[in-house]
Structures are given as structure tokens and as C-alpha cells.
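Data first, discussion second: the structure below is written as C-alpha cells.
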Protein chains: 2
Amino acid sequence: MPKIGMEPVRRRALITAAIEAIHDRGMAGLTMGDIAKRAGVSSALAHHYFGSKDHLLIATMRHLLDELGEEFRRRLAEANTPEARIDAIIEGNFAPCQFQPTVISAWLAFYMQAQHDAEAMRLLKVYLRRLESNLVAGLGAMLPPAVARDTARGAAAMIDGLWLRAALKATDVPAEEAIRLVRDYVSSTVKRHA
Amino acid sequence: MPKIGMEPVRRRALITAAIEAIHDRGMAGLTMGDIAKRAGVSSALAHHYFGSKDHLLIATMRHLLDELGEEFRRRLAEANTPEARIDAIIEGNFAPCQFQPTVISAWLAFYMQAQHDAEAMRLLKVYLRRLESNLVAGLGAMLPPAVARDTARGAAAMIDGLWLRAALKATDVPAEEAIRLVRDYVSSTVKRHA
DNA sequence: TATTTTTGATTGAGCCATCAATCAACAAAA
DNA sequence: TTTTGTTGATTGATGGCTCAATCAAAAATA
């Protein structure tokens, strides 16, 4: 019973399916057929909407960026003090909808892809710059510029590292603990320079 | 002009070639033919020595682990104080031979592979545990147990995150700066608890 | 309202290229 | 001549992508 206006629904479903497929097949074993099957459609339809596997992947990455960006926007809108803004960024990174095995795997794949795909690299830099500038903006109000930049880099690195580790569940570090670790790092640096 | 005793030479060359191929083709575009060509041999020879693509990949991962382990061993052998041991671990992670785009890409691929490959996961856990226990061992002499564990996790995460960022050269963070960031984090935590 | 036309949604079948893996054969050292 | 090193040719399977055809809803027309 095909209805009209299916395009956005299918695009969404295929992107979600791609994220899942990346998670449990890996980039090497990723096929359009598998993705399409997970989305409940034929592989031909996936090609119809995205043109090619590469395009679907790029769209998936863009989706990840958008979701995370939206998460930040929501939280930053309610943060009034510099401290609250820092917390918003830290907690945004570990929000339940982001801090999931499938999503983390997809981000990992994204990082890999960026090494040999110019568009992926471009998108990734958007994320990196946004994260760092958000952190610097918050920290700038509490620390000397040089220290603020260092701390932003350290915190950003710690966040990414905690993501990486969460991907494997090798050492089970739940979101709350991750948040606490980054927060402690930042707040102790701020206190030291008070 | 085939000589005798080629096996270790070929194995080495193929593994290095695999690391390079992963870096600039990605896991998706990785082929035995490409790897073999980079190593200057036929793809048949790669199969002859490794049996299969999977085996070659596992051997490559094992090689990465061995190299890093050796780096640690060398540095830890000359470290007498707890402080020196911490430094040895931090600096070992950013040693020139480790902190290279190709090697970092391979580690990234390794992380991804671990999500759906049991052997890769097993190997990766070896690395994670070794890093964390080395850090905890050094920090235990200077900090209360709970704080030592947290700091070890924070430092380990920061190290991995700095690696991740170095992979892209998006935000150019040279080794010395990375080392300084992690060291500052650890030393300021130690001072705070002195 | 009934009928025709149009159009978006969808797929099965299949082409074509690629690639992992195998094999038979050959060259050089021992 | 046995062993080790090596390759080109081959194959079987797989997967990206195309295409012609179908189907059902919407729009247009009578």
C-alpha cells in the first residue's frame, strides 16, 4: 500500500539502518543490500533515493553531525552562566541518544572515512571546530586565553577518548562517570587558576 | 632472484603495506592485491604466507600491539621512580614511530574491527588493560586508590583522544604538546592530593 | 461521480566489475 | 632433486548499480 510522501521516511530509515549496519558488520562488510534489508526495502530503492553507497554514507555522517548539533543547541539555550555552558557541552556529548554503541561505531567509521574522503574530512572538521570553540568560549570567561585553549583541547580529547572506550565496552565506563571525569578535569584546572 | 629466508622479510613488508593501505584506502577499499603491490609481491604470495585476508589483518594488529609493547618495555626499563614510570607511559604512546598517520589509522581500524571480530576484541583488551594497569601502578604510589583509578582512566582517555585528533591533522597537535597536556593533567591531580 | 491519466514508490532480475582464494608451474638455492 | 619462493592464470562469489516493469494513490477530465 504505497502512499505519497514516502521519501523522507525512507531516507530516515535507510540512514538509521546504515548506522546499525556499520555497527555490526563494520565498514568492510557493509553492503547496500544489508542496509536496505534492515530498512525493510529493496537495495534498488536505496539507490533510487541516495544515488550511490558513498552518497548514503555522506548523508549518514551529515545526520550524525546534525543530531549532535541539535543536542548542543538545546542544552546551550538553557545555559546562562559560563559554568553551565561548559556543563552543557560535556553533558551533550554523553547524552543518551548520542552515547550509544551503534552511534559511537558510526562516528568511529566517520573518523576513518575522513582520512581518505575529502567530504568526510570537511564535515568532521566542522564538528571538531565547533566543539573546541564552544569549550574555549566557556572557559575564556574563567581562564587566561592560553590556559583556556589548552584546557579546551585536553577536555575535547578526553571526551573523544571516553567515547572510543565506550565503543567497546571493554572497560565499562557509564555516561555519568565519563561526565564526572571530564568535569573534574575542567573544574580542577579552573580552581588552580582562580 | 629469489633468495632463501625470505619469509620474515615478506611478512614484515606485507604487514607494513597493510598498515599503509588501511591508511589511504580505508577498510572498505582494502584489497589483497593492493597490499601485495605495495609490498612489491603478488597477491598469491600474500595468501601463501598469511592464508587469508583475515589472518593478515590479525597479524597486522598483533604487530601494532607488539611494537607499542616493546616501546613501553624499553622506556619502563630505564624508569626508576613512579614519576618516571608515568612519564615513560605517556611518552611511549607518543613516540615518533607510533605517533604516525598510517599507524594511527591502523589503530582506528583495529578499534572498529574489534566491534564484530572476537579475536580483535581480545587483542584490544590486552592493550587497554596493560595501559590502565601501568598507569594505576605508577599513580598508586602517589594517590589514594580511588583517585589513582580515576586519573588513570582520565589520562588513558585523553591519550586516546589526542591520538584520534592527530589522525586527521585537522587540529595540528604535535607530540610535544600532547605529552604536555597529559602530563599537566596528571601532575596537577597529584599536586591537588599532596 | 465515474473514468482516465499521471506520477511517485517500489522491486526482481541481471549486467559488470572486482576480489579473495586456488592451483599449476617455474626458478633458484640447498 | 628436494625444498623454498614466487607468480600468472583462473574461478567462484559477491556486490554496486541499472533498468524495465508494476502498482497504487492522486489529479485531471468528462
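Throughout, protein chains are lettered first and strands after them, A, B, ... in sequence-line order, and every chain is numbered starting at 1.
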What is the distance from [atom1] of [X] to [atom2] of [N], rounded to the nearest Å?
X        : N       : atom1 : atom2 : result
Arg25(A) : dT14(D) : CZ    : P     : 13 Å
Lys37(A) : dG12(C) : NZ    : P     : 11 Å
Leu45(A) : dC23(D) : CG    : C1'   : 14 Å

Counting side-chain heavy atoms from CB outward, which of [options] is closest to [X]?
X        : options                   : answer
Lys53(B) : dT11(C), dG16(D), dA21(C) : dA21(C)
Met6(B)  : dG8(D), dC17(D), dT6(D)   : dT6(D)
His47(A) : dG5(D), dG16(D), dA9(C)   : dG16(D)
Thr31(A) : dA21(C), dG16(D), dT6(D)  : dG16(D)
Met32(B) : dA20(C), dC19(D), dT7(D)  : dA20(C)
Ser42(B) : dG8(D), dT11(C), dA21(C)  : dG8(D)

- Hey, is the side chain of Arg10(A) poking within less than 4.0 Å of OP1 or OP2 on dG8(C), counting only N and O atoms?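 No, outside the criterion.
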- Should the heavy atoms of other residues, nucleotides or ligands under 6.0 Å from CZ of Arg12(B) be counted, would the total exceed 12?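 At most 12 heavy atoms, drawn from other residues, nucleotides or ligands, come within 6.0 Å of this atom.
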- Once the angle between the rings of Phe99(B) and Phe94(B) is folded into 0 to 90°, is it parallel (under 30°), tilted (30 to 60°) or perpendicular (over 60°)? perpendicular
Which part of the nucleic acid, if any, lies within contact of [X], taking any heavy atom under 4.0 Å across all strands shown: a base, the sugar-phosphate backbone alone, or nothing?
X        : result
Leu30(B) : sugar-phosphate
Tyr49(A) : sugar-phosphate
Ser52(A) : sugar-phosphate

Identify all side-chain donor-acceptor contacts of residues 53-60 of chain A below 3.5 Å with residues at least two apart in sequence or on another chain.
{"from": "Lys53(A)", "atom 1": "NZ", "to": "Leu30(A)", "atom 2": "O", "distance (Å)": "2.8"}
{"from": "His55(A)", "atom 1": "ND1", "to": "Ser52(A)", "atom 2": "OG", "distance (Å)": "2.8"}
{"from": "Thr60(A)", "atom 1": "OG1", "to": "Leu56(A)", "atom 2": "O", "distance (Å)": "2.7"}

- Task: Check whether NZ of the Lys or CZ of the Arg Arg130(A) lies under 6.0 Å from the centre of the six-membered ring of Phe72(A) and within 45 degrees of that ring's axis.
- Result: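 Ring-cation test returns no.
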